[in-house]
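First the structure, in the form of structure tokens, and then the observations on it.
In each ligand, atom 1 is the first atom listed, and ligand 1 is the first ligand listed. We're numbering straight along the sequence, starting at 1.
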Amino acid sequence: MIEFYPQIRWVHILAVTLSGSLFALRGLGVLVGARWPQAPLVRYLSYSIDTVLLTAALMLVTILPAALFANHWLTVKLGLLVVYVVLGVLALRRGRSPALRAGCYGAALLVFLMIVGIARMHHPLGWLWPWFA
Ligand code: HEM
């Protein structure tokens, strides 16, 4: 399956971009009190994009050699993914006050950028890695 690595990586990155953009837009919608971010069509679109993202991610993990993950960047990435999901749920639905939802929205976007940095650098320190290297 290694011959499909570039295409699968491309699908993963495309899904990451769509997923992050949709979350950013939905979060903004929630902040201004709009109802469309919870509309069934928008939610199903989000579930579909995230399913593609995760499927491509799992395929990449299977294809790539285990040595690539030796410094545990993927473990840290998955830990931050859980944090991102919890913050995202609080930002879009569960946050009790507008202030809490806004705080969780900002924090979720920050964690998303940290995940991208870890993926790009192949290092748990992510974007900070060049300063410590
Ligand atoms: C919000 C969630 C995620 C984001 C923002 C994200 C982001 C990215 C990005 C930007 C890349 C490209 C890195 C590069 O340029 O080489 C990438 C690659 C990758 N991601 Fe993700 N990802 C996410 C979720 C996941 C999950 C859940 C897994 C594993 C189950 C995963 C596994 C991988 C793997 C194995 C690569 C390939 C690295 C390589 O080609 O060397 N990602 N990810």
* Check whether any side-chain heavy atom of Leu100 lies under 4.5 Å from a side-chain heavy atom of Ser97, and answer yes or no. => yes
* Structure fact -> The complete set of side-chain hydrogen bond (donor to acceptor under 3.5 Å, both in side chains) pairs with one or both residues in residues 112-133, sequence neighbours excluded, reads none
* Numbered atoms of ligand 1 (with element) below 4.0 Å of Leu68, judged on heavy atoms -> 41 (O)
* Carefully, step by step, assess Val16 and Phe112 under the rule side-chain contact (heavy atoms from CB on, under 4.5 Å). => CA-CA 10 Å; Val16 161; Phe112 185 87; 3.8 Å; yes
* Asked: Would you say Arg26's side chain and Pro37's backbone share a donor-acceptor pair under 3.5 angstrom?
  -> yes
* **Close side-chain approach of Leu109 and Leu113, heavy atoms under 4.5 Å** => no
* Please indicate whether Trp10 has more than 12 foreign heavy atoms, meaning atoms of other residues, nucleotides or ligands, lying under 6.0 Å from its CH2. => no
* Asked: Side chains of Val83 and Leu87: does their closest heavy-atom pair fall under 4.5 Å?
  -> yes
* Among protein heavy atoms, which sits nearest to atom 39 (C) of ligand 1, and what does the distance come to when rounded to 0.1 Å? -> Tyr5 OH, 3.3 Å
* Heavy-atom contacts with Phe112 under 4.0 Å: which atoms of ligand 1 show up? List them by number with element. => 1 (C), 5 (C)
* Asked: Nearest protein heavy atom to atom 38 (C) of ligand 1, by residue and atom, and its distance?
  -> His122 NE2, 3.6 Å
* To do: Mind checking how many protein N/O/S atoms fall short of 2.8 Å from atom 21 (Fe) of ligand 1?
  => 2
* Measure the acute angle between the ring planes of Phe69 and Trp73, then classify it against the limits of 30° and 60° as parallel, tilted or perpendicular. => tilted
* Minimum-distance protein heavy atom relative to atom 15 (O) of ligand 1 -> Arg120 NH1, 2.5 Å
* Structure fact -> min-distance protein heavy atom vs atom 10 (C) of ligand 1 -> Val116 CG1, 4.0 Å
* To do: Among all protein heavy atoms, pick the one closest to atom 1 (C) of ligand 1 and tell me residue, atom and distance.
  => Leu81 CD1, 3.6 Å
* To do: Provide the number and element of each atom of ligand 1 under 4.0 Å from a heavy atom of Leu54.
  => 27 (C)
* Leu90 versus Tyr105: any side-chain heavy-atom pair under 4.5 Å? -> no
* Quick one: are Met59 and Val11 in side-chain contact, heavy atoms under 4.5 Å? -> no
* To do: Determine, using the 4.5 Å side-chain heavy-atom cutoff (strictly less than), whether Leu128 and Leu80 are members of one ILVMFWY cluster.
  => yes
* Counting each atom of ligand 1 from 1 as listed, which ones have a heavy atom of Leu78 under 4.0 Å away? -> 27 (C), 29 (C), 30 (C)
* Polar-atom distance check: Arg9 versus ligand 1, any N or O pair below 3.5 Å? -> yes
